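The first residue of the sequence shown is numbered 1, and numbering continues consecutively from there. Read the numbers this way: they start at 1 and go in the same order the structure lists the ligands and their atoms. Here the structure is a predicted model, which is why all the values come from computation and not from measurement.
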Amino acid sequence: MHQPVTAKSDAYGASLLGRLDELAVFSEVEGQLTRRYLSPAHLAANRQVAAWMQAAGLRVWTDPLFSVFGRYEGRRPNAPAIMLGSHLDTVLDAGRYDGALGVLAAIAVVAELSRRGERLEHAVEVAAFGEEEGSRFPTHILTSSALIGAVGRDLLEGRDRDGITVSAALAAAGGNAEAHLDCGRRPGEIAAYLELHIEQGPVLEARGLAMAAVTGINGSQRLAVTVSGTAGHAGTVPMVQRRDALTAASEMVLALERLAHSEATLVATVGQIAALPGAQNVIPGKVAFTIDMRSPCDDVLARAAKALALELEQIAARRGVHLEAATYQTNAATPLSPVVITAVLEAIAACGHTPLSLPSGAGHDAGIMARHCPAGMIFLRCKDGISHNPAEAITAEDADAGVRALLEATRRLDGRLAGNQTP
Ligand SMILES: [Zn+2]
């Protein structure tokens with residue numbers, strides 16, 4: 001069921017995959033890809049990407065939160081920009097396509113425009129964001145949020161596992177958290193945002209299709225939960241007298257799983273848990289864990305959050321432990337822009353592929369940008385739907401199709417937005 005391909009079908013794809021391999025070398029951990037926000041590996045990846053942007057004919061700069069931007073002017077100077085981009089930070093032990101694909105494909109698109117001497121009505125900006133994943137600090141989609149002025153003091157004081165705040169990490173890297181408002185863009189400055197990203201799910205592969213237009217981004221809610229009981233001797237405290245924080249937390253984790261099963265569109269995950277003091281012969285006195293809930297429907301999320309709070313309190317009361325549950329981030333479900341979706345669907349068809357529309361179960365920078373300008377995404381098929389895993393893979397053929405569709409969608413978007421502009 002694969003699309004027919006021409007002899008030159010991997011012309012962009014092979015070089016794109018080569019660059020993705022080169023970028024994957026920038027890692028904090030040898031032998032795997034871990035590139036957390038503001039780590040030396042992330043800053044080095046930023047410099048490499050800036051160099052590639054420059055070579056593609058872009059004017060390059062870095063903003064106070066270390067997003068890297070490159071600008072390719074349109075026919076008129078200072079025209080509003082169509083922004084193409086994604087993120088360069090990764091999860092721990094990541095694949096090499098999540099995020100980086102969208103940034104490097106965007107550079108390939110501008111390199112092609114530049115090679116042809118083709119100027120659009122709009123400028124084209126390439127964005128390489130950071131801390132989209134939230135794998136270092138308790139805040140995801142951080143640096144794109146700064147573009148729309150949605151970064152507050154509290155987010156910048158979030159701490160990583162070593163107790164380092166975002167502000168301190170920025171200062172250590174030579175940046176300045178105080179200047180986060182300077183990252184903000186004026187209304188109209190960005191005419192539209194478009195992001196190519198691997199699907200991170202199995203739908204495209206199952207349908208035998210290379211690409212889809214994304215219709216919207218699921219809402220999400222993240223909580224930090226701390227359960228406090230009493231630490232004690234693993235040999236001397238009778239079972240009935242224990243206030244074991246870990247067994248209480250375990251019951252809470254399973255309650256969350258049951259809750260997620262009770263709603264058709266809800267998914268929920270405890271991805272991080274720490275038991276203290278963390279000794280083999282000590283009853284855990286304190287447990288901290290995270291909760292990540294997502295749904296395309298805000299009502300479902302709100303209902304689940306209410307039910308969850310009640311259930312956690314009941315478990316804590318029954319087990320005699322103290323509970324603190326704080327919601328530290330809520331992102332509403334975000335529909336993407338019809339004008340961008342239409343341009344993407346047309347572009348996919350124009351590239352000889354069957355267009356499909358899909359919602360996104362994962363959060364993306366596009367979900368933030370959609371609050372500022374018409375925004376859209378193209379999903380690209382990935383092997384077995386696997387992501388956040390070193391086994392992430394795409395074919396050169398699909399990578400080529402992705403660049404072509406991104407280029408074509410940018411042109412179509414340029415035409416549609418220019419046509420809609422009042423003189
Ligand atoms: Zn991503």
Side-chain angles (χ1 to χ4, degrees), residues 16-17 19-20 23-24 26-27 32-39 41-42 45-46 49 65-68 83-107 126-137 139-147 193-204 211-214 216-220 222 267 269 271 292 294 329 331 334 336 344 358-370 375-394 398-399 402 406:
L16 179 55
L17 290 193
R19 280 195 168 177
L20 284 158
L23 198 67
F26 296 103
S27 173
Q32 61 164 247
L33 173 54
T34 294
R35 194 163 59 223
R36 293 173 307 155
Y37 179 52
L38 299 178
S39 64
H42 172 231
N46 268 2
V49 165
L65 294 193
F66 285 93
S67 297
V68 182
M83 182 178 275
L84 311 177
S86 196
H87 60 97
L88 294 181
D89 63 301
T90 72
V91 295
L92 310 184
D93 200 10
R96 56 189 56 183
Y97 306 101
D98 176 359
L101 170 74
V103 177
L104 300 195
I107 296 173
V126 178
F129 295 118
E131 196 57 316
E132 189 274 344
E133 301 286 4
S135 50
R136 177 169 179 186
F137 296 102
T139 305
H140 65 154
I141 324 185
L142 178 69
T143 79
S144 52
S145 297
L147 263 63
Y193 176 83
L194 179 57
E195 177 169 358
L196 175 72
H197 202 284
I198 54 169
E199 182 201 349
Q200 304 183 285
V203 179
L204 282 171
M211 289 175 285
V214 181
I217 313 261
N218 287 357
S220 66
R222 290 183 171 195
V267 290
T269 307
D292 177 312
R294 305 183 199 209
Q329 203 167 32
N331 288 311
T334 313
L336 293 172
V344 169
L358 277 182
S360 172
H364 293 286
D365 294 298
I368 295 295
M369 295 306 293
M377 293 187 78
I378 305 172
F379 268 171
L380 194 71
R381 164 171 56 193
C382 57
K383 190 171 185 301
D384 299 329
I386 291 173
S387 181
H388 285 190
N389 184 314
E392 231 172 52
I394 61 173
D398 282 357
L406 188 61

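- Without hydrogens or angle criteria, Ser135 side chain to Arg36 main chain gives no donor-acceptor distance under 3.5 Å.
- Within the 4.5 Å cutoff, side-chain heavy atoms of Ile217 are placed close to those of Met377.
- Here the side chain of Glu131 pairs a donor or acceptor atom with the backbone of Phe137 at under 3.5 angstrom.
- For the atom pair Asn331 CG and Asn218 CG, the distance stands at 11.5 Å (nearest 0.5 Å).
- Here the protein contributes His87 NE2, Asp98 OD1, His197 NE2 as N, O or S atoms under 2.8 Å from the Zn ion (ligand 1).
- Under the 30°/60° scheme for interplanar angles, the aromatic rings of Tyr37 and His42 are found to be tilted.
- Note on ring orientation: taking the six-membered ring where Trp is involved, the planes of Phe379 and His364 are perpendicular (angle over 60°, cut-offs 30° and 60°).
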